[in-house]
Amino acid sequence: MTQPSSHSGLRTFTVIIAMVFGLVLLAGGLWLTFLGGSFYYVVIGLLFIAFAILLGKCSVSAIWLYAALMLGTTIWAIWEVGTDFWALAPRLDILGLFGLWLLIPAITRGMVNVAPSKIVLSSTLVIAIAVMVYSIFNDPQEINGVIQNQQPATAQKVDGVAEQDWPAYGRTQAGVRYSPLNQINEQNIKDLKVAWTFRTGDLKSGNDSGETTNQVTPIKIGNDMYMCTTHQWLIALDPATGKEKWRFDPKLKADKTYQHLTCRGVSYFDAANTDGFATSLQNKTSSSTECPRKIILPVNDGRLVAVNADTGKACSDFGTNGQVDLQKDMPYAYPGGYNPTSPPVVTGTTIVIAGSVTDNYSSKEPSGVIRGYDVNTGKLLWVFDTGAEDPNAIPAPGQTFVHNSPNAWAPLAYDAKADVVFVPTGVGTPDIWGGDRTALKERYANSVLAINASTGKLIWHFQTTHHDLWDMDVPSQPTLADVKDKSGQMVPAVYVTTKTGNVFVLDRRDGKAIVPITERPVPQTVKRGPQTKGEHYSATQPFSDLDLAPQNKLTDKDMWGGTMFDQLVCRIQFKRLNYDGIYTPPSENGTLVFPGNLGVFEWGGISVNPDRQVAVMNPIGLPFVSRLIPEDPSRAETAKGAGTEQGVQPMYGVPYGVEISAFLSPIGLPCKQPAWGYVAGVDLNTHQVVWKKRIGTIRDSLPNLFQLPAVKIGVPGLGGSISTAGNVMFVGATQDNYLRAFNVSNGKKLWEARLPAGGQATPMTYEINGKQYVVIMAGGHGSFGTKMGDYLVAYALPDAK
């Protein structure tokens, strides 16, 4: 009696798998074709079915057919996405592995004259592998130029700022994030090592918001370093050793309803040295008797605290027992409703502060008012309420500021010579439906405001998005630098980075464009699903010639997955959503928002080397989906606050709630093909992107069981970059836990160091005792999903032996 051969079982298994593949691809391909997408999946599904039938008959034609399928798919993949390794991978990975499986002798045993077909199949596999190898070194998304402005960086003197220090969030209040130090440079950075690590002891608790983050950039003045923690503990350190000197606890009253729990930084004031704040004598303040040197600390429950920089004690002559109540005169005030997360601007006389409000919770939220307080006494000096007819009107007793007026949650910038503060604003909440917004409520939304820092009077403003329905806040500290205009004359400029990727370059004196800006038509209708009730749309939006968005408009070719199957699902999902490019209106059907809610730029901003006329930055590009949910009239309000910016958000008081989520495949991968994060260098003489590289790996985005090698893919990041006269750019930010350094001239990666937790913060650098250090907070980010921690890590070159 003859026993069944094992190769019959393998062949049967292969036939079943091929038939399943074919049926899935055919069904999904027909759906995609019906939606107007690529019909190739129909073709490949039919070929798989035909292959399965032929293989079941033990016909050598099956191998010839698969060889043709493999070669045809390789050609099709190159036609669709070019030599992009990560885009090619899901189109070829399953097919390639299945082709290698077919080379097992047991699969083809019994076929007549099978050798030639296997040779051809092997050749098609070699071609596919060769294409993949070639694509690793020929990435069409990267730009590999060199910034030709190669003269050595000179140490530009900034009044009141020592070269060795980093005394403000952006090093200067102009937000350049550039240091003239060059001890660490492109030649020796390979030797950079951990010098010290400080652990704050402030970790996320079970009662904290889901959006608990560590975003602090410490400041350093002389022999002192100051930082704030997630719960706003203010800590003073020895910058040479990382040893704690003192700490101050403001007793933050936080809970899960806070939409944000974070502190990006603190501000510093020295009454004996106001040259860095204002140049005219009349703008300088008299010395405070109790706190001539003070740290200004924003607290998330709506307070502003002044602390003696030498002793760590609250300045009792500031406000009431060292603090100012920012909830005063607020409409609909509640804990966490008005939330200052960014360090204020400090001038010779005035503290200028703004804050965030809860996005998408209700139409009865606090005001986004910007205020100026006396730097010594904490007395309110002026207000700028972005929703008021007279924005400078201080509420009379019994009155309040305007509710739901546009807020400014990102750091502000300050031009000390002109005594002008530059304020980046967002949209008045709720963000995603604006049918009831008045012209007054939208006048200063999504703008940069140039305001006199001593009086609060508006000088000019520029709006970056009209009638915002996509949460396209101006999310970053503006950067002030002098650049050449079209005539070659040096002019004072402000760089305004936006979530859309547009970088608006304006004359600081009058707000006129230095880099051309055009108003372009944008989508006006909802093409799938019902029209949005009560909504209207801006016919045009402003676009800058300096644009860092990854691409203008997505197509289903740009959809991605780990395999061709989840990629097909993403292509179907994409075609089912409303999407006609940037500014596609929100809808009940669901709208693809790209750039997404995280934006191309976030709160990290950019770094500008003004003497070399070079800017470096780390833009991202990750689509989101917003879906309007018709209001349920019987719904009851939940506890105040949302606790997050993702998921279902109620938007009480308007006709819709909204669900906001990243655009992901069924297995949790982004549906848009990589890269999702870059580093880039811009020549400010031409305002052209000269180099652009992917940054980051998925090492920390998958469970340990599925860890992949640390291959560069380009992942999203939250946090900014800095640069130095050593021709080095430093940036953390990415979803993998690294601090990296790049050559400013060409973007070449020079060095990287593994962090003990997520590095969603902007680094800084300073010098003490003749030694340069680079410091970053490694503390993680709640909704970003990185590892939480409490580590402040400093790097330096080894001491000479």
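Taking CG of Leu797 as the start and CD of Gln772 as the end, the distance is 7.5 Å to the nearest 0.5 Å. Separating the CG atom in Asn214 from the CD1 atom in Ile776 is a distance of 11.0 Å, to the nearest 0.5 Å. Once rounded to the nearest 0.5 Å, the distance linking NZ of Lys692 with CD1 of Ile143 reads 5.5 Å. Distance check, rounded to the nearest 0.5 Å: CD of Gln613 to OG1 of Thr686 gives 10.5 Å. The CD atom of Gln477 lies 9.5 Å from the OG1 atom of Thr762; values are rounded to the nearest 0.5 Å. Separating the NZ atom in Lys499 from the OG atom in Ser476 is a distance of 9.5 Å, to the nearest 0.5 Å.
For the pair Tyr773 and Ile184, the minimum side-chain heavy-atom distance is 4.5 Å or more. Between Arg740 and Lys749 there is a side-chain heavy-atom pair separated by less than 4.5 Å. Counting heavy atoms from C-beta on, the side chains of Thr464 and Val448 never come closer than 4.5 Å. Taking the side chain as every heavy atom from C-beta outward, Arg694 and Trp86 approach each other to under 4.5 Å. At least one side-chain heavy atom of Leu261 sits less than 4.5 Å from a side-chain heavy atom of Leu252. Side-chain contact between Met227 and Met764 is absent, with no heavy atoms from C-beta onward closer than 4.5 Å. Using a 4.5 Å heavy-atom cutoff, the side chains of Asp191 and Pro798 are in contact. Side-chain contact between Thr425 and Ser447: present, with at least one pair of heavy atoms (C-beta onward) separated by less than 4.5 Å.
Residue Lys771 places its NZ atom among more than 12 non-hydrogen atoms of other residues, nucleotides or ligands, all under 6.0 Å distant. The 12-atom threshold is not exceeded at CG of Asn223, counting heavy atoms of other residues, nucleotides or ligands nearer than 6.0 Å.
At distances below 3.5 Å, at least one donor-acceptor pair connects side-chain atoms of Ser267 with backbone N or O atoms of Pro344. Between the Glu602 side chain and the Pro475 main chain, no donor and acceptor come within less than 3.5 Å of each other. With hydrogens and angles ignored, the 3.5 Å screen pairs a side-chain donor or acceptor of Ser179 with a backbone N or O of Leu181. Judged by distance alone, with hydrogens and angles left aside, the side-chain atoms of Asn502 form no donor-acceptor pair with the main-chain N or O of Phe504 at under 3.5 Å. Of the possible donor and acceptor atoms, one in the side chain of Lys220 sits under 3.5 Å from a partner among the backbone N and O of Gly222. Side-chain atoms of Gln173 never come within 3.5 Å of backbone atoms of Thr347 as a donor-acceptor pair (strictly under, hydrogens ignored). Counting only distance, with no hydrogens or angles, the side chain of Glu163 and the backbone of Tyr766 share no donor-acceptor pair below 3.5 Å. In this structure, the side chain of Ser544 engages the main chain of Leu546 through a donor-acceptor pair within 3.5 Å. With hydrogens and angles ignored, the 3.5 Å screen pairs a side-chain donor or acceptor of Asp700 with a backbone N or O of Asn737. Put simply, the side chain of Gln183 gets close to the backbone of Gly770: a donor and an acceptor are under 3.5 Å apart.
Between Thr724 and Tyr178 the shortest heavy-atom distance is C-CE1, 3.5 Å. Closest non-hydrogen pair, Val423 versus Ala408, comes out as CG1-CB, 3.5 Å. Nearest approach of Trp603 to Gly719, heavy atoms of both residues: CH2-CA, 3.6 Å. Closest approach of Pro340 to Ile353, counting heavy atoms only: CB-CD1, 4.2 Å. Taking each heavy atom of Asn727 and Ser745 in turn, the nearest pair found is ND2-OG, 3.2 Å. Residues Ser607 and Ser723 share a closest heavy-atom pair of OG-OG, 2.7 Å.
At a threshold of 4.0 Å, the pair Arg508-Asp415 counts as salt-bridged, since one of the basic side-chain nitrogens sits closer than that to a carboxylate oxygen.
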- Query: Could you go step by step and tell me if Thr217 and Trp166 meet the side chain to side chain contact (heavy atoms under 4.5 Å, CB included) rule?
  - Reply: CA-CA 10 Å; Thr217 299; Trp166 192 282; 4.0 Å; yes
- Check against side chain to side chain contact (heavy atoms under 4.5 Å, CB included), Val682 and Val689: CA-CA 4 Å; Val682 174; Val689 179; 4.1 Å; yes
- Message: Applying side chain to side chain contact (heavy atoms under 4.5 Å, CB included) to Arg171 and Arg177, what does each step give before you reach the verdict?
- Response: CA-CA 5 Å; Arg171 185 169 182 269; Arg177 277 169 281 280; 5.9 Å; no
- Query: Does the pair Asp471 and Phe624 meet the rule for a side chain to side chain contact (heavy atoms under 4.5 Å, CB included), with working shown?
  - Reply: CA-CA 11 Å; Asp471 191 23; Phe624 275 63; over 6 Å; no
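Between Tyr795 and Trp751, the distance separating the two ring centers is shorter than 6.0 angstrom.
Looking at Asp736 and Thr697, their side chains do bring a donor and an acceptor atom within 3.5 Å of each other. Side chain to side chain, Thr786 and Gln760 meet the donor-acceptor criterion of an N or O pair below 3.5 Å.
The aromatic rings of Phe784 and His781 lie perpendicular to each other, with more than 60° between the two planes, well past the 30° mark.
A cation-pi arrangement is absent between Arg293 and Phe269 under the rule of less than 6.0 angstrom and at most 45 degrees off the ring axis.
Screening Val616, Val614, Leu684, Leu480 for a side chain to side chain contact (heavy atoms under 4.5 Å, CB included) involving Val608 leaves a single residue, Leu684.
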